Amino acid sequence: MMHTPKAARRLILIAAIAAAGIFATACSSDSDEDAEATAAPVEATATLAAPAAPAIEIADIRARATPGLENENSAAYAVITNRGTEKDRLVSGSVDASVAGRVELHTTVKEGEMMRMVQVDGWDIEPGASLELMPGGNHVMILELAEQFVVGDTFTLTLVFEQAGEIEVEVPVMEIATSGMATPGAMN
Ligand SMILES: [Cu+2]
């Protein structure tokens, strides 16, 4: 009969918690046990193979830090390039409930002197073309944050494409200036 010595078992537990900590998002309020349980799938789904033809490349992804209150909004930006041979389309996004309430695709329109954000149902990305999501333009809006977005945090964002399917990306939170128009803090 084999028994793991108590000290060894404690070491194994510490190692498991450390491993979980690496993958747990900084925004998550999960317990260590929950974080450990969700850590593996995050890694596993990141390697899910997309259909052969389309190849979506996501570069320069980042999200804006928020001043501190709960239920605030943030936005994510990126350069998304279609390396495939067929047209693709970004149709939606999502985050875990521990990060934020919902995710919308927004564009920015000018109405007279005012800039206003409008929800859209997606953007086509032609083969070889890039979709640039940036402050003051098209962006992925992250609404009803569960916690403040602090510089240095990361969270998992799932982007859904018509052809490539779901792609999970780790998004770093950064200090990003707003477009400086309309209501400060509300524009993205
Ligand atoms: Cu927006």
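Because the structure is predicted, anything quoted here is derived from the model rather than measured. Indexing begins at 1, ligand by ligand and atom by atom, following the structure's order. The chain is numbered in sequence order, starting from 1.
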Roughly how far, to the nearest 0.5 Å, is CG of N82 from CG of L131? 10.5 Å
Could you pull out all residues at least two apart from T66 that satisfy side-chain contact (heavy atoms from CB on, under 4.5 Å)? E72, S74, L145, Q148, F149
May I ask you to check if any N/O/S atom from M117 comes under 2.8 Å of the Cu ion (ligand 1)? yes
Is the Cu ion (ligand 1) less than 2.8 Å from at least one N/O/S atom of M141? yes
Are I125 and V120 connected, step by step, through hydrophobic side chains (Ile, Leu, Val, Met, Phe, Trp, Tyr) whose heavy atoms are closer than 4.5 Å? yes
Opening angle between NE2 in H139 and ND1 in H106, taken at the Cu ion (ligand 1), to 10 degrees: 110°
Those residues that, when tested against E132, pass side-chain hydrogen bond (donor to acceptor under 3.5 Å, both in side chains) (two or more places apart): none
